[in-house]
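The model shown is predicted, which means the values in this text are computed figures rather than measured ones.
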Protein chains: 2
Amino acid sequence: MSARRRGHKAPKGYDPSEYPQFAVTVDVVILTIVDEHLQVVLVRRRDDPYKGMWALPGGFKRPDETLKDAASRELREETGVEAADYLSEFGAYGDPGRDPRMNVVTIGFLAVLRDVGDLAGGSDAVDARLVPVADAIGGEVGLAFDHGRILQDAVERARRDLETTSLAKAFVGPMFTLKSLRNVFEAVWETELDAANFHRTMTRSAGLVVPTGSVVPPGSAGGKPAQQFEFGPDYAAAPMRRPPPEPREGKGRRDTDE
Amino acid sequence: MSARRRGHKAPKGYDPSEYPQFAVTVDVVILTIVDEHLQVVLVRRRDDPYKGMWALPGGFKRPDETLKDAASRELREETGVEAADYLSEFGAYGDPGRDPRMNVVTIGFLAVLRDVGDLAGGSDAVDARLVPVADAIGGEVGLAFDHGRILQDAVERARRDLETTSLAKAFVGPMFTLKSLRNVFEAVWETELDAANFHRTMTRSAGLVVPTGSVVPPGSAGGKPAQQFEFGPDYAAAPMRRPPPEPREGKGRRDTDE
DNA sequence: GTAATAGTGTCTATTAGACATTATCCC
DNA sequence: GGGATAATGTCTAATAGACACTATTAC
């Protein structure tokens, strides 16, 4: 007991052997939207003892880099993308035994990309694929360790940040139609938004999104060409609130019926 | 380069000397409201090489405890409080050199207490005091390392959680007046809320707060006795939005005038 | 009585949401 | 033309915010 001191400010010359040592890893939850659905990058290592399990990309933090730099490096190594359009820390994970092989504390980072590019180009020792978030959370994909919980936390953070920050910018390119922007909110929030009201809410106050003048022709099914917009200087948060999750059928208390 | 492997899943028998080792500390931002102002617990260690600097309470994480347990333990050691009314992780700090004495990654926890009790009872080696958050952030109190930034992040998280979670419960006791509850929002958000509208918003839908029937007599200045309330089952988030920060005088663009 | 605090009532401007209507394309 | 998609218009209910007013206490 005397060996341990209160507080984390060890005196000069404090012997590292007197306090516990941990490996620190950074795991990156890389989100993007493909086919109108939210997807996450998962990897599977060929030399992994947990064969068949998919995992979040990640790696050891180095002493001479920041946590964010470590996350950025892992992202680059995994996807070849130089810089994420959004990269922020969302959680820390240090339960004893969560990795049976060592004492490790993992910092979770949320990365959002407009386009994930060619995943196979990342590394020759790693399988990487895009998985719909619903599948990964739903348990249809076996996730290693506590990566399921980490992914859940990341998605919840993305849902919140989409409402309270300019995260939406990271999901779309410099020019976008209001339909594609609406799809971002619908995919991340897992909800449906009225197209007419969405259009009005986005364009009501100038400075959120501004029309560029160019239009995109409709698909083979026809329709009015859609205006292309870009973000204005005032977009700092979603101009609408996230709708509350719909009550499940047959769950929760039932006041009426029967 | 060959010694380092991509990803954090080291093979069995991986040599700990092949990846960097860190000390992991947990720092706890303990918030409470005293005299209608938000306050934070700071400590100053007698044997600290950085004499005169105040710091956030914290300590090393042990391999056999979770991060939250470590935070809870530090909180208990510092304040004698057995359990915080709110305790959640809000950030990770790992910049190289942030603690010049060792490689350390710090996990920040936000703790909220209704009553901080006797701080001096915590330890004989530590001075502890309550400091108004405005003073601590304003630079009027010298904070060690990057603790100023950690504190700022914690306060920002508290502001957000007060709006989106039931954090308000942690600031008041089991019974409270609407004035004291309103003061929680005003102190944390650094704003003023209309008392009449606050009352209506809180009591409009039953299940948020419910009157207990008991009242508290007014002070020496007189006034109508205040009803005491307790939280109902439906209080999961603040029933009002956080007001946007007021634009500073003389700052920002000026469209009119001159 | 006056001052002070708790709580209610009322009015208005804004907003969310539902939904009809118009505009412009493909076939 | 008919179908499909984009964008606008309209209506209603709910809400936020300002503020007047009533209720109950200390002095």
Side-chain angles (χ1 to χ4, degrees), chain A residues 36 162-163 172 175-186 189 191-230 234 237-247, chain B residues 35-36 162-164 172 175-186 189 191-230 234 237-247:
Chain A
E36 303 195 345
L162 189 66
E163 181 177 354
V172 298
M175 287 175 60
F176 51 88
T177 64
L178 288 185
K179 175 185 175 64
S180 63
L181 182 60
R182 177 165 53 89
N183 179 242
V184 169
F185 289 89
E186 293 181 332
W189 284 346
T191 185
E192 287 195 7
L193 300 176
D194 183 278
N197 292 332
F198 181 85
H199 190 284
R200 182 164 42 89
T201 302
M202 274 293 167
T203 56
R204 171 160 36 199
S205 57
L208 294 183
V209 296
V210 295
T212 63
S214 61
V215 296
V216 292
S220 61
K224 186 174 174 178
Q227 279 280 344
Q228 280 193 305
F229 290 80
E230 58 190 5
D234 295 341
M240 79 283 298
R241 297 280 72 82
R242 171 184 174 192
E246 302 173 8
Chain B
D35 294 337
E36 303 196 344
L162 189 66
E163 181 176 355
T164 60
V172 298
M175 287 174 60
F176 50 87
T177 64
L178 289 186
K179 176 186 173 65
S180 63
L181 183 60
R182 177 164 54 87
N183 178 243
V184 169
F185 289 89
E186 292 181 333
W189 284 346
T191 185
E192 286 196 8
L193 300 176
D194 183 278
N197 292 332
F198 181 83
H199 190 285
R200 181 164 44 87
T201 302
M202 274 292 167
T203 57
R204 171 160 36 199
S205 58
L208 293 183
V209 297
V210 297
T212 62
S214 61
V215 296
V216 292
S220 62
K224 187 175 174 177
Q227 279 280 344
Q228 280 193 304
F229 290 80
E230 58 189 5
D234 295 341
M240 79 283 299
R241 297 281 72 82
R242 172 184 173 190
E246 304 172 8

Among [options], which nucleotide sits nearest the side chain of [X]?
{"X": "Lys179(A)", "options": "dG7(C), dA6(D), dA4(C)", "value": "dA6(D)"}
{"X": "Pro225(B)", "options": "dT25(D), dC19(C), dA7(D)", "value": "dT25(D)"}
{"X": "Asp194(A)", "options": "dA6(D), dA26(D), dC19(C)", "value": "dC19(C)"}
{"X": "Lys224(A)", "options": "dT8(C), dA7(D), dT5(C)", "value": "dA7(D)"}

Check your understanding: Heavy atoms under 4.0 Å, any strand shown: does Ala195(B) hit a base, just sugar-phosphate, or nothing?
Key -> nothing
Exercise for review: Could you tell me whether Ala226(A) contacts a base, only the sugar-phosphate backbone, or nothing, with contacts defined as non-hydrogen atoms closer than 4.0 Å?
Suggested key: sugar-phosphate
Rounded distance [0.5 Å steps], [atom1] in [X] versus [atom2] in [Y]:
{"X": "Glu36(A)", "Y": "Lys179(A)", "atom1": "CD", "atom2": "NZ", "value": "5.5 Å"}
{"X": "Met202(B)", "Y": "Leu208(B)", "atom1": "CE", "atom2": "CG", "value": "7.0 Å"}
{"X": "Met240(A)", "Y": "Arg204(A)", "atom1": "CE", "atom2": "CZ", "value": "9.5 Å"}
{"X": "Glu186(B)", "Y": "Asn183(B)", "atom1": "CD", "atom2": "CG", "value": "6.0 Å"}
{"X": "Thr201(A)", "Y": "Leu193(A)", "atom1": "OG1", "atom2": "CG", "value": "9.0 Å"}

**Study point:** Nearest-nucleotide 5' precedence on DNA chain C, Ala221(B) against Gly219(A)
**Key:** Ala221(B)
Exercise for review: By nearest nucleotide on DNA chain D, pick out whichever of Arg241(B) and Pro218(B) is the more 5' one.
Suggested key: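 Closer to the 5' end of DNA chain D: Arg241(B).
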Review point. Is there a residue in residues 197-215 of chain A whose heavy atoms reach under 4.0 Å of DNA chain D, and which residues are they?
Key: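 Close to the strand are His199(A).
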Please give, in whole Å, the distance from [N] [atom2] to [X] [atom1]?
{"X": "Glu192(A)", "N": "dG17(C)", "atom1": "CD", "atom2": "P", "result": "14 Å"}
{"X": "Gln227(A)", "N": "dC25(C)", "atom1": "CD", "atom2": "P", "result": "11 Å"}
{"X": "Met240(B)", "N": "dT14(C)", "atom1": "CE", "atom2": "P", "result": "22 Å"}
{"X": "Phe185(A)", "N": "dA16(C)", "atom1": "CZ", "atom2": "P", "result": "13 Å"}

**Study point:** Non-hydrogen side-chain atoms of Val184(A) and Phe176(A) separated by less than 4.5 Å
**Key:** no
Check your understanding: Under the side chain to side chain contact (heavy atoms under 4.5 Å, CB included) test, which residues partner Gln228(A), sequence neighbours left out?
Key ->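 Per chain and number, Gln228(A) pairs via side chain to side chain contact (heavy atoms under 4.5 Å, CB included) with Met175(A), Thr177(A), Thr212(A), Ser214(A), Val216(A).
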